[in-house]
*Asks:* 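There's a structure below that I have some questions on.
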Amino acid sequence: MRVRFWGTRGSIPVALTSADIRDKLAQALLAASGRRFASPGEAYDFASGHLPFSVTHTFGGHTSCVELENGRNEYFVCDMGSGARAFGAHVLAREGGRPATVNVFMSHVHWDHIMGFPFFGPAYVPGMKIRIHGCHDILEHAFRLQQSAPCFPVDFDQLSASIEFVKLVPGETREVCGMAVTPKLQRHSGDSFGYRFEAGGRSVVYSTDSEHTLDDPSQTAAFVAFFRDADLVIFDAMYSLAEAVSVKADWGHSSNIIGVELCQMARAKHLMLFHHEPANDDATIEGVLRDARRLEELTREGPALQVSAAYDGLEIAL
Ligand SMILES: [Zn+2]
Ligand SMILES: [Zn+2]
């Protein structure tokens, strides 16, 4: 199984500003002070080997959109955040005019999770099949509403692809083109649903926009079961623990620390921090990642849990 991250930011897309780029360049020049590079390759090696990730990259970017590939001929994608525009371009380029089927799995219909759909190229191509799966009754209504006048110039009915909405039931596993998919109800305003995907002996959990209360043992046990032995858990880590349990309690999101605890209990192999807070810059997100890794080391009892922070363009092979 392969996982590609097209959008990793929470709530609203965030672009690097000119000042951000200038600051990154200044930090890189300072770190390289006194060194000489004989070729672009040497400079590249220095940048990738010696500079912090927050100087050489950005955590992006677009709002939630994560692609899963299971080696079959249909596409799988979680959420249609603004990353769906780039994902759609990827589908069209890869297919080169051939029709294709895209299976979408929706966590919920908050704006940051549907805003990319009006810019999703395959929706405009005759012959393309788009199946939008989800557990909410209002799924189709939300997609139609955001493309209604006066908010968008192209009405949903004008889209050329064949678009179907498929209702899923939490806790019930369904087979979709070689992928076993199980949704789970999560605590979030208006409800959200996580998905556990299993194919070829690998498992990926997509669990965003989900608040966890540490004082509810039955909820914790249910999530530990949902994450059990997963090869990858994509986890809503919008806040720090202090924010999640104080000012931002009941805001419907979780933290890096809770992610580590749940994944350790579930013996998951890799925790991917996701849905980054839009107010956090790259250095802050790197700090959130560092804290999570430190906690994992300090509390490790069994095999190590790998901890990463998602960024647009990240690709993982499982
Ligand atoms: Zn969100
Ligand atoms: Zn939400």
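Atoms within each ligand, like the ligands themselves, are counted from 1 in listed order. Remember, predicted model here, so these are calculated numbers, not experimental data.
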*Asks:* Would you say the ring centroid of H275 lies under 6.0 angstrom from that of H113?
*Replies:* yes

*Asks:* I want to know whether H212 and F235 have ring centres closer than 6.0 Å.
*Replies:* yes

*Asks:* Sorted by chain and residue number, which protein N/O/S atoms are under 2.8 Å from the Zn ion (ligand 1)?
*Replies:*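 Protein N, O or S atoms closer than 2.8 Å to the Zn ion (ligand 1): D112 OD2, H113 NE2, D209 OD2, H275 NE2.
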
*Asks:* If the condition is salt bridge (Lys or Arg N to Asp or Glu O under 4.0 Å), which residues does D312 pass it with, not counting sequence neighbours?
*Replies:* none

*Asks:* Examine F119 together with F152 and report whether their ring centres are nearer than 6.0 Å.
*Replies:*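 Ring centroids of F119 and F152 are less than 6.0 Å from each other.
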
*Asks:* Could you walk me through whether R300 and E296 pass the salt bridge (Lys or Arg N to Asp or Glu O under 4.0 Å) check?
*Replies:* CA-CA 6 Å; R300 187 185 299 161; E296 190 279 327; 2.8 Å; yes

*Asks:* What about F59 and F53, are their ring centers closer than 6.0 Å?
*Replies:*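 When the ring centroids of F59 and F53 are compared, they turn out to be within the sub-6.0 Å range.
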
